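As structure tokens, the structure follows; a few thoughts come after it.
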Amino acid sequence: MRARFILAATAGIALAMPVLAQTGASADFQKFRDVMEEDNPAELFEARGEAYWKTPSGPKHASLEQCDLGLGPGVVAGAYVQMPRYFADVDKVMDAESRVVHCMVTLQGLTYEAVTRQPFSNQSGTPAHVNVVTYVAGQSRNMPIAVPQRHPKEREMYQIGKEIFNFRAGPYDFACATCHGTDGKRIRMQDLPNLTRPEGAIKAVQGWPGYRMTGGLMLTSQWRMNDCFRQQRFPEPKYLSDTVTAILTYQAVNAKGQIYRGPGIKR
Amino acid sequence: MADPMKIRAALQGDVVEVRVLMAHEMETGTRKDASGKVIPAHFIQTVSATHNGNTVFSAHWGPAIAKNPFLQFKFKGGSKGDKVQITWTDNQGDKRTDEATIS
């Protein structure tokens, strides 16, 4: 009788094991990130971005200090956690990265083509606008996400983002929502956040822009979304396209009130 | 010219803990670019730290150290307000010195 009880108990433990192993590994990943975040090389990119922001350059020999990130010309603190937002001067909703590029074009007199020729960091280097976005993001460290939904175009962007999030397509016929629309899912060892709720949605915003240790690259939210579409086997979105802004708006609005911890670190 | 380092130096008890982030490619010299050409080696070879003119840390580095390296060390004898200077030199003759105040 006693032997049978022990057997049954062992079987019970064996069944419970995968769940335990999963939480254990996730906790270890989290510990690893916590340790690395204290001395994150992203800070080096923030410093480069700050220098670029304050140093006159481009055909107009202007700095970015008059750039309006939504809180008035030159106000950087807190701007990142309030984007994407509506900008009256261009009559559209822009995310942080689009806005930085816009400022480089309008204030410094660079051409859009020249700024976006290399949209993302790669082995050949980190584009200036990526450094600037990292600097801007660092100036919102430890602030709550407060992306506005006052203007009709901001609300429209959210609705479009929601539709894209739920849109099933591609050769595998799945949507963002297939993996990121419910609690408790994972792929291999990675827990998949539920992006429809604040505690989950912040995980899509948190850590970006992020320093990827593999290759030592500084990567932005725009890069992350581009890679999501690639993983879904969707057509590649154009850099800074409204599609990406919509999906960023959807995530950031869902993460409202959660604390943004600044540029992050990735494996 | 290389980018500045980020240096933090904090006194804990009688020990100063120094943490340094350096912006450097740390190219090994064994990798090839997209066209198959070897990317020339470019890495930090020596790192040293001084406090009040005394060397409190020195190291020889090689290509096995990661890109944008992070260095942490401790020494005794520092007090709040003192300066700590860090210097690195690389194999291409580039060099950088930055300073931090112990907090």
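What you see is a predicted model; the values in this text were computed from it and never measured. Just so we're on the same page: letters track the sequence lines, and every chain starts at 1.
Open room surrounds NZ on A/Lys256; 12 or fewer heavy atoms of other groups in view lie less than 6.0 Å from it. Annotation: A/Tyr172, atom OH; neighbour count of heavy atoms from other residues, nucleotides and ligands within 6.0 Å does not exceed 12.
You'll find the side chain of B/Asp3 stays beyond 4.5 Å of the side chain of A/Phe45, heavy atoms only. With contacts defined as side-chain heavy-atom distances shorter than 4.5 Å, the pair A/Tyr211/B/Asn68 qualifies. Side-chain contact check for A/Gln123 versus B/Arg31: some heavy-atom pair is nearer than 4.5 Å.
When all heavy atoms are compared, the tightest approach of A/Leu44 to B/Met22 is CD1-O, 3.4 Å. Residue B/Lys67 comes nearest to A/Gly215 through the heavy atom pair NZ-O, 3.2 Å, listed as atom of the first residue, atom of the second, then distance.
For A/Glu38 and B/Arg8, the salt-bridge test fails: no basic side-chain N is under 4.0 Å from an acidic carboxylate O.
Between atom NZ of residue B/Lys6 and atom CG of residue A/Asn40 there is a gap of 11.5 Å, rounded to the nearest 0.5 Å.
The part of B/Pro4 that comes within reach of chain A is its backbone (N, CA, C, O), which places non-hydrogen atoms under 4.5 angstrom from that chain.
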